[in-house]
Number of protein chains: 2
Amino acid sequence: MYKPATIKDIALALKLSPSTVSRALRDGYEISTATKKVVMEYAKKVNYQSNPIALSLKNRRSYSIGIVVPKLANSFFSQAIAGIESIAYERGYHTIITQTHDSSERELINVNHLAQRSVDGLLISMSAGTSDYGFLKQLHNDGLPIVFFDRIIDEIETFKVTSDNFSGAYKATESLIKSGRKKIALLSNAPQLSITNERLSGYMKALADYHIPFRAELIRNCSKGGNDYQEVEDAVKDLLATPNKPDAIFISSDRISISCIRALKNLNFDPKEIAIAGFSNSDVVDLLHPSLSYVKQKSFEMGQIAVEMLLRLIESKYPITEFETRVLDTELHLIK
Amino acid sequence: MYKPATIKDIALALKLSPSTVSRALRDGYEISTATKKVVMEYAKKVNYQSNPIALSLKNRRSYSIGIVVPKLANSFFSQAIAGIESIAYERGYHTIITQTHDSSERELINVNHLAQRSVDGLLISMSAGTSDYGFLKQLHNDGLPIVFFDRIIDEIETFKVTSDNFSGAYKATESLIKSGRKKIALLSNAPQLSITNERLSGYMKALADYHIPFRAELIRNCSKGGNDYQEVEDAVKDLLATPNKPDAIFISSDRISISCIRALKNLNFDPKEIAIAGFSNSDVVDLLHPSLSYVKQKSFEMGQIAVEMLLRLIESKYPITEFETRVLDTELHLIK
DNA sequence: ATTGCAACCGGCAACGATTGCGTAGATTTT
DNA sequence: AAAATCTACGCAATCGTTGCCGGTTGCAAT
């Protein structure tokens, strides 16, 4: 059984009381230098480390923050996590990472687990399937600091950070138009998500600005968000079978972009016949074939900003009532 | 301040003692059904959930397991984690995921953090930079259950699971030979890693079996393991500038495979001139260009097996002294 | 009427660390 | 010499939960 040394062990060994040992280790003013020296040395000898569990129980602080994302395999999220960690470690916090696989049940379980493990705060990007935010509202009302990033929600008032999805979608759609395409389809993510609607708006605005009629039959929702390849392939096949079929597709999600490329390849479509542009933070997107222009989000920065907001909430002495929603711009990468 | 209901709160409200409430909630035999009912109902009303921190402190069990991997952005690891979670959740355990970015300092910090947060056990795939295993030996000797996966080490006796890297490398090299290549270079990972050497051996054996002379000047180590693109590009450039230059490259690591493809593209090499094959678990490897044949590891299964081994260690009543090292076979995917 | 025995519930201690308060003994002050 | 001050430490409570021991009923058997 794993059993590290405790303060009691030290106290017993040195014939002191636990209180004295504790104060000596924390360099308390009321302890003689002689005693301090003895305690410090013995502590180092037995490799004493304070038990964070006991401290959490007593102080209701754990110096750890919980991260909840839909999928680690999604580059955007693993990059954002790297950004979070870069700041968190610097400020003395640990991170506990969990993924939901876009399931709201798993999300509920993970969030509760983190809250009860007494993380000091929560960074969360919502799952596609979640429509009931009651559990989050509850925790937030009970005083748990929460910051939303990327997939944010309106229902809870707190700090949030996301991308300028509207302008990202606009730019991508515009690039397709400028390359001479006029029949531009939209392959979209789960409609519950904030980002889905913002990207849809950007797409529609671009069409409108360039006087291209909006055609509802060129819109396809992949409610499983690219986690299910078949759903995407069916959508693509379906799109390309419509009368007056599209000559371009704008894809409003990372995973769906990849699946769409695979579908076009599997269906043996000529890359020249159909142009594609989509959101993606994959680090190999420039090596994919067929290639696509892509909108890249500032994932790392978003993670950094999110955790800074969270630490502001956590470390604030007085309740914060003024919140901010940061919106980061996106980068369009044109291929060809 | 976030403050959920406790047993004491319930006891106070119902004018019972904490012990009674505790037993009622756990359906103890010595509590009347009437009391149980009252307690259960009130508990549900105030949304009581037992405090895992307090339980961890008391029971020295947390029903959570720590995961330490080099990089979440590496598909192999995110897949393995998915495998781990699939079993862990089923068995009532939570997972705490941390990444080291192949830094041994971060590894040390993360492992200690997990050990002290009293995880019940540890699943670890070693960082490229680590050569001193003292901290792990210490924890292992103190009784912390540890299982190694993928990047295993010899220095600690416990359960381990890894891939048949020798045969994977053999098959990949053989495929290059069979496609007519004779001057096959090797782009290799950090030499401290177990998998690096096994893959090197497989490569050499294939050369020997097909009577192709081994040429030391065709071997390049990327000790930063593909985390540094420039290192890989330099190695590739260097390889292709050697006299009697290679007509194929076998790449013995996931991230380096990607970087190598990018390097070949950036250096404008004709894909027909130089064939490549490498280890990769990327889910988009079939869409990459230039394309490569790839060896895929059973990452998900490896995660599942690792966590099953760990749970065996954790839940065993008596110390286990007979250990096993599972070796999973690999799949070769040929691209033409 | 006394004993036995369930059934039912409460008090205390402990897990590890911290902290307000108390105090013994030494030193200084008046 | 008596009182005040200071130094250096111990005691006990706390965080939430549970194991162990004890105690109080009510009821049946003797």
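Everything numeric in this text was worked out from a predicted model, so none of it was measured. Just so we're on the same page: letters track the sequence lines, and every chain starts at 1.
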Practice task
Among residues two or more places apart or on two chains, list those pairs meeting ring-ring contact (aromatic ring centres under 6.0 Å, His included) that have a residue in residues 47-69 of chain B.
Solution key: B:Tyr63-B:Tyr93
Handout entry: Counterpart residues, salt bridge (charged side-chain N to carboxylate O under 4.0 Å, His left out), relative to B:Arg26 (two or more places apart)
Key = none
Handout entry: Toward the 5' end of DNA chain C, by each residue's nearest nucleotide, B:Thr35 or B:Leu57
Key = B:Thr35
Practice task
Take the C1' atoms of the five end pairs on each side of the helix from C:dA1-D:dT30 to C:dT30-D:dA1, get both axes, and report the angle to 10 degrees.
Solution key: 80°
Exercise for the section: Name all residues meeting the salt bridge (charged side-chain N to carboxylate O under 4.0 Å, His left out) criterion together with B:Lys137; count only those two or more places apart in sequence or in a different chain, and write none if there are none. Expected result: none
Exercise for the section: Determine the contact category for B:Ile53: base if any of its heavy atoms lies under 4.0 Å from a base atom, sugar-phosphate if only primed atoms, P, OP1 or OP2 are that close, otherwise nothing. Expected result: nothing
Exercise for the section: Output yes when at least one side-chain N/O atom of A:Thr20 is less than 4.0 Å from OP1 or OP2 of D:dC9, else no. Expected result: no
Problem - Touch class at under 4.0 angstrom, heavy-atom based, for A:Ser56 against every strand present - result: nothing
Practice task
May I ask you to say what B:Lys15 touches in the nucleic acid, namely base, sugar-phosphate or nothing, with a heavy-atom cut-off under 4.0 Å?
Solution key: sugar-phosphate
Exercise for the section: Using the test ring-ring contact (aromatic ring centres under 6.0 Å, His included), find all partners of A:Phe323 that sit at least two apart in sequence or belong to another chain. Expected result: A:Phe159
Fill in the blank from the handout: Contacts satisfying ring-ring contact (aromatic ring centres under 6.0 Å, His included) that involve residues 97-139 of chain B (not counting sequence neighbours) are A:His94-B:His113
Problem - Start and end of chain A contact along DNA chain C [non-hydrogen atoms, under 4.0 Å] - result: C:dC15 to C:dG20
Completion exercise
Sorted by chain and residue number, the side chain to side chain donor-acceptor pair (under 3.5 Å) partners of B:Glu308 (sequence neighbours excluded) come out as none
Handout entry: Test item: B:Ser194 side-chain N/O and B:Ile152 main-chain N/O as donor-acceptor pair under 3.5 Å
Key = yes
Fill in the blank from the handout: Sorted by chain and number, sequence neighbours left out, side chain to side chain donor-acceptor pair (under 3.5 Å) with A:Asp154 holds for none
Problem - Heavy-atom neighbours of A:Glu157 CD exceed 12 at 6.0 Å - result: no
Exercise for the section: Go through the structure and list residues passing side chain to side chain donor-acceptor pair (under 3.5 Å) with B:Thr162, not counting sequence neighbours. Expected result: none
Problem - Sequence-distant partners of B:Asp102, side chain to side chain donor-acceptor pair (under 3.5 Å), two or more places apart - result: B:Arg151, B:Asn227
Exercise for the section: Measure from CG on B:Asp9 to C1' on D:dG16 and round the result to the nearest Å. Expected result: 10 Å
Completion exercise
Quick tally for nucleotides 17-28 of chain D: nucleotides whose base has a protein heavy atom under 4.0 Å get B, sugar-phosphate-only ones S, the rest -, giving BBBB--------
